[in-house]
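To start, the structure under review is shown below, and the notes come after it.
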Protein chains: 4
Amino acid sequence: MTDPDVRDAIMTATYEALCEHGYTDLTAQDIADRTDKSKSLLFYHYDSKEDLVADFVDYLVERFDEWIAETRDLTPSERLATFVDWFLYGSGDDDERQSFHTAMLEIRTQAPYNEQYRKELRKSDDRLREIAEEILRNGIETGEFTDHDPEETAALLIATLDGARIRQLTLAEDDYIGQVRSAMVARIFDDILAEDVSFPEGLLPDEIDIEGGVDGTSDLGPSSETRQPEDEHGSSEDGAE
Amino acid sequence: MTDPDVRDAIMTATYEALCEHGYTDLTAQDIADRTDKSKSLLFYHYDSKEDLVADFVDYLVERFDEWIAETRDLTPSERLATFVDWFLYGSGDDDERQSFHTAMLEIRTQAPYNEQYRKELRKSDDRLREIAEEILRNGIETGEFTDHDPEETAALLIATLDGARIRQLTLAEDDYIGQVRSAMVARIFDDILAEDVSFPEGLLPDEIDIEGGVDGTSDLGPSSETRQPEDEHGSSEDGAE
Amino acid sequence: MTDPDVRDAIMTATYEALCEHGYTDLTAQDIADRTDKSKSLLFYHYDSKEDLVADFVDYLVERFDEWIAETRDLTPSERLATFVDWFLYGSGDDDERQSFHTAMLEIRTQAPYNEQYRKELRKSDDRLREIAEEILRNGIETGEFTDHDPEETAALLIATLDGARIRQLTLAEDDYIGQVRSAMVARIFDDILAEDVSFPEGLLPDEIDIEGGVDGTSDLGPSSETRQPEDEHGSSEDGAE
Amino acid sequence: MTDPDVRDAIMTATYEALCEHGYTDLTAQDIADRTDKSKSLLFYHYDSKEDLVADFVDYLVERFDEWIAETRDLTPSERLATFVDWFLYGSGDDDERQSFHTAMLEIRTQAPYNEQYRKELRKSDDRLREIAEEILRNGIETGEFTDHDPEETAALLIATLDGARIRQLTLAEDDYIGQVRSAMVARIFDDILAEDVSFPEGLLPDEIDIEGGVDGTSDLGPSSETRQPEDEHGSSEDGAE
DNA sequence: CATGAATGAGCATTCATTCAT
DNA sequence: TATGAATGAATGCTCATTCAT
């Protein structure tokens, strides 16, 4: 894989195919069809479909890291809010986002059976927890957050965020995520934020762009616009003081 | 499906097959192999494999309801602790439990693509939320819990529990669940429990027995013993006062 | 494989496909095409193509044993001559016979790489050597053959016969087999046969019928006729006195 | 193919790949991997894989001729013994030799389906028979051998040798070759050798070196040592008087 | 009810060969 | 010469589902 364009093309095609078919029904053909290349080429570049998907997970981590870098300049509470909303609402248009997270959940679901996926996913999750802890720790240092155990809180935070998202995806018809978000602000962040700090309205920076390009010409969706959480979650500021 | 014994046999076989192969690799043959009947018979009783799995989810709800009935006599805080530990630690031996939840997660993962699964799973989830809300509401009534919005709290609680379990299953190597549990007790229950009430040490009643039998002769594991959470979560009472 | 008709059908189809394509280019489809059944059925009855071919070799041994039984009543020297000509000229029409032996040789060729084939082929070869030794031993007992080491002679005999056939198949344009046959009669049998015994003109009993039927309606070739070696080998009796 | 070094490199690689994978599983990649060149280059030098293999057979004949030239100075009975042992035991270490002959047998097996291979193999075989006849004819002239038909005897001899080797390769677990060798000495050579001549203990001259180099730096194995047949065949002189 | 046999639609993967550079 | 990238045509095998009995 000497040519990064080809990898990008395959990764983008994989992303699209995952959104459309889900992991369980993902075939090599589905991926190739979203490429101007042949199915055989996939196996020229990867030893197996599994390898390809594992690389896809890795690719996502790279995109995530790029995105995280963009939030460095925000204050801890802003970063926290950004993090939460990115987690809960993500990037891409609504349908695509749901499709994508569904597919990713399917891949996670295979982790117990699949060493390779497990390894990549853990790598990705380690980054996630590191970032969350870093944000909390910074907040404690700057005095924006009350003193608490950042590791434990990060674990709780991410469990809740992940659970909320997964449940929204797999079960809910109503705005389950919004409900959890307010509860989280009220019950968890209220304890964490210092007296005079309120939980900022979510503001996402440039989204994670799967395609990795800068011009947003990807057909992965209108990925360069700043996303706002839907209105019903706007109640956050009310619940946060 | 006129004969309930046959249904039980098929459901038990499905459970075992799911534990062993996971949903993605579950074949009709796998199920039939765990039965003294033939593969064709499955299609005599169900129109498709999908139908069979959907019925399996329904079957689980029935078992859940039976199990819930057994907790009616506990105090709200006891029921809450029981609920939490059942959710996080479940029934069955350790391996089986994990296998089972992994397989169930796979099925949930299909919900976005599968109307039928979605319907059954929502039914199951509705029961779950009802129970959680009921427990919280009862606690408020008896004064064991402080006044709060039970629906929102239930949503938060379940999101966290679900997220913790899923993350333990799909990502964690360490005792992630234990970490989340303590954080939850410290940050969420502390607010909920009235001044003089502490979070009880988890005590599970008779477990949900998938097999539904009363004699416990099933090979689904030693399912009738009362389970205790592992030691590291026993710290709950410490963190809850 | 409860129904022997199906096995027979598959074996016959395998025989024909082997004759036509050779082992190297034998595909499951080729076999299925010579059946009124589907390709999938082959894998219903056999776990793999390899298993099927191994069973085919076994099937041949069964046919061989049936054929051998028919020669029990001949005198040792007659049996020897029959054995030699069966080995060198075999059954079936000329083209088919060659094709078949070629395919069998390909299978033998895989033995060093394939445990399963090796096992079946050895079984088949053990029968062959047993029969040859039995013939020689009987001849010594009846005084038709001079005293010699039957095991060693059988080894030499079969090596020569096998080599001759293989070389005819893979290399020769001329009547190489005939040449070897006369030389064998002159140089080997001359020593073995007692003073007053001459090597009988080859006379094959009913041929080995791959199909195993009794009516010869198989399309495996006109297999029930008594075969005679081609004329040019008729010189055998000349060289043997 | 202007550069003989490239041809040598490809031929050597082909030899090694054949030993390791056998003909049936020989891929162009396998050959290229044993070269410092790319797979595409093979198709630059040869129109097809088949062409390459055909050239490989031709290459072997060239090596054989070089080797034969070295035996010119021996007496006919010495050359005969050398020829026999070269045929039965060949050159190279034990494993390699077997692997190689197995692969060659696979190629021979394709001859009936493949004009090109057939042509090359016949050329190679013609040389073999010529040499055998030449040795026998010389022996008759010098009086070392009794008068007999050299062509017929050569045919018999080679059939037996070839059969023995092939059977050892594809079937035998025991020392089948040794058994045939003694029988051959006792039953065939005894008739051929003049009264006062005994079959010499096999002595191989410099072996055929596939690589064709003179310095023996090839990793084809320690190919320049004189090989001796295994002990159990040393009984030849005993059986030959 | 119950089943063994049967099948069609796929699917991941392989590999000789081609081609632009 | 030389190669990395690319591909079409197969191939063995799987599995939900059907059906005759």
Side-chain angles (χ1 to χ4, degrees), chain A residues 1-3 5-7 9-10 24-32 35-53, chain B residues 1-3 5-6 21 24-32 35-53, chain C residues 1-3 5-7 9-10 24-32 35-53, chain D residues 1-3 5-6 21 24-32 35-53:
Chain A
M1 185 74 71
T2 207
D3 184 351
D5 288 349
V6 176
R7 186 190 180 219
I10 294 176
T24 300
D25 290 320
L26 179 73
T27 72
Q29 192 63 62
D30 290 332
I31 298 175
T35 283
D36 58 347
K37 301 299 167 45
S38 72
K39 185 176 47 162
S40 338
L41 189 66
L42 301 180
F43 294 95
Y44 175 74
H45 287 300
Y46 296 96
D47 284 340
S48 65
K49 195 180 85 168
E50 194 179 309
D51 271 8
L52 192 161
V53 173
Chain B
M1 186 70 68
T2 160
D3 185 350
D5 286 350
V6 175
H21 299 277
T24 301
D25 289 321
L26 178 74
T27 70
Q29 191 63 62
D30 290 331
I31 298 175
T35 282
D36 57 350
K37 299 295 165 42
S38 74
K39 183 175 51 162
S40 320
L41 192 66
L42 300 179
F43 292 95
Y44 175 80
H45 287 300
Y46 295 97
D47 282 342
S48 66
K49 194 177 89 168
E50 196 178 307
D51 272 6
L52 191 162
V53 173
Chain C
M1 184 75 70
T2 207
D3 185 351
D5 287 349
V6 176
R7 186 188 180 220
I10 294 176
T24 300
D25 289 320
L26 178 73
T27 71
Q29 192 62 64
D30 290 332
I31 298 175
T35 282
D36 57 348
K37 300 298 167 44
S38 74
K39 186 176 46 161
S40 336
L41 187 67
L42 300 180
F43 294 97
Y44 175 74
H45 287 299
Y46 296 96
D47 283 342
S48 66
K49 195 179 85 168
E50 196 179 307
D51 271 7
L52 192 162
V53 173
Chain D
M1 184 73 66
T2 161
D3 185 349
D5 287 349
V6 176
H21 300 277
T24 301
D25 289 321
L26 179 74
T27 71
Q29 191 62 63
D30 290 330
I31 298 175
T35 282
D36 57 349
K37 300 295 166 40
S38 74
K39 183 176 51 161
S40 320
L41 193 65
L42 300 179
F43 292 93
Y44 175 78
H45 287 300
Y46 296 96
D47 284 342
S48 66
K49 195 178 90 170
E50 194 179 308
D51 272 6
L52 191 161
V53 173

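In what follows, chains are A, B, ... by sequence order, proteins preceding strands, each numbered from 1.
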Hey, does [X] reach any base, or is it just sugar-phosphate, or nothing, if we go heavy atoms under 4.0 Å?
{"X": "A:Leu26", "value": "sugar-phosphate"}
{"X": "D:Asp51", "value": "nothing"}
{"X": "D:Asp30", "value": "nothing"}
{"X": "A:Ser40", "value": "base"}

- Item | Heavy-atom closest pair, residues C:His45 and C:Val6 | NE2-CG1, 3.7 Å
Separation of [X] atom [atom1] from [N] atom [atom2], in whole Å?
{"X": "A:Gln29", "N": "F:dA9", "atom1": "CD", "atom2": "P", "result": "13 Å"}
{"X": "B:Asp47", "N": "F:dC19", "atom1": "CG", "atom2": "P", "result": "13 Å"}
{"X": "B:Leu41", "N": "E:dT3", "atom1": "CG", "atom2": "P", "result": "6 Å"}
{"X": "C:Lys37", "N": "E:dG4", "atom1": "NZ", "atom2": "P", "result": "17 Å"}

- Message: Under 3.5 Å, is there any donor-acceptor pair linking the side chain of A:Lys39 to the base of E:dT13?
- Response: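 Checked by distance alone, the answer is yes.
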- Message: Tell me whether the side-chain N or O atoms of D:Ser38 pair up with the base of F:dG4 as donor and acceptor below 3.5 Å, since no angle test is needed here.
- Response: no
- Message: Let me check I have this right: for DNA chain E, each base becomes ., (, ), [, ] or |, based on Watson-Crick or G-U pairs with both distances under 3.5 Å. What is the full string?
- Response: .||||||||||||||||||||
- Query: At under 4.0 Å, does any side-chain N or O of B:His45 touch on OP1 or OP2 of E:dC1?
  - Reply: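 Checking B:His45 against E:dC1: no side-chain N or O falls below 4.0 Å of OP1 or OP2.
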